[in-house]
Amino acid sequence: MAKSSAGGAGSPSADVALPATYEAALAELEQLVSQMESGALPLEQLLGSYQRGAQLLQFCRTRLEAVEAQVKLLEDGQLKPWDEA
């Protein structure tokens with residue numbers, strides 16, 4: 001059985017593709033948090049926003065872990081602090 005949303009509208013997490021980049025996901029996540037903190041969203045939309053935020057957070061964590069793995073590989077298995085010039 002396929003899930004269907006009760007109201008048909010309002011759930012931002014329903015079948016919405018993840019952003020192409022970490023930066024786009026972070027920007028969308030920041031916007032969602034701002035909307036949620038405003039207290040102006042109805043409960044159902046708040047829940048949908050929370051679910052979308054969880055998806056975006058997982059996406060960002062996955063991207064960061066992938067970059068960390070690449071840095072470890074480049075640095076021969078040891079993370080080194082970034083030197084700012």
Practice item. Could you grab the distance from atom CG of Leu32 to atom CG of Leu46, nearest 0.5 Å is fine? Key: 10.0 Å
Exercise for review: Could I get the full list of side chain to side chain contact (heavy atoms under 4.5 Å, CB included) partners for Tyr22, not counting sequence neighbours?
Suggested key: Leu26, Cys60, Arg63, Leu64
**Study point:** Side-chain donor-acceptor contact under 3.5 Å, Gln58 with Thr62
**Key:** yes
Review point. Residues in side chain to side chain contact (heavy atoms under 4.5 Å, CB included) with Ala54, at least two apart?
Key: none
Study note, to complete from the structure: On a heavy-atom basis, the closest approach of Ala17 and Arg52 is O-NH2, 3.0 Å
Review point. Got a second to check how far Glu65's CD is from Lys72's NZ, nearest 0.5 Å?
Key: 9.5 Å
Check your understanding: Is there a donor-acceptor pair closer than 3.5 Å between any side-chain N or O of Ser38 and the backbone N or O of Gln35?
Key -> yes
Study note, to complete from the structure: So CG of Leu47 and CD of Glu44: to nearest 0.5 Å the spacing works out to 8.0 Å
Check your understanding: Mind checking what makes side chain to side chain contact (heavy atoms under 4.5 Å, CB included) contact with Thr21, not counting sequence neighbours?
Key -> Glu23, Ala24
**Study point:** Euclidean distance, Glu30 CD relative to Leu56 CG, rounded to 0.5 Å
**Key:** 11.0 Å
Review point. Do you reckon Leu29 sits in the same ILVMFWY cluster as Tyr50, going by side-chain contacts under 4.5 Å, direct or chained?
Key: no
Revision key, fill the gap. So CE of Met36 and CG of Leu41: to nearest 0.5 Å the spacing works out to 7.5 Å
Practice item. Mind listing the closest non-hydrogen atom pair of Phe59 and Ala25 along with its distance? Key: CD2-CB, 3.4 Å
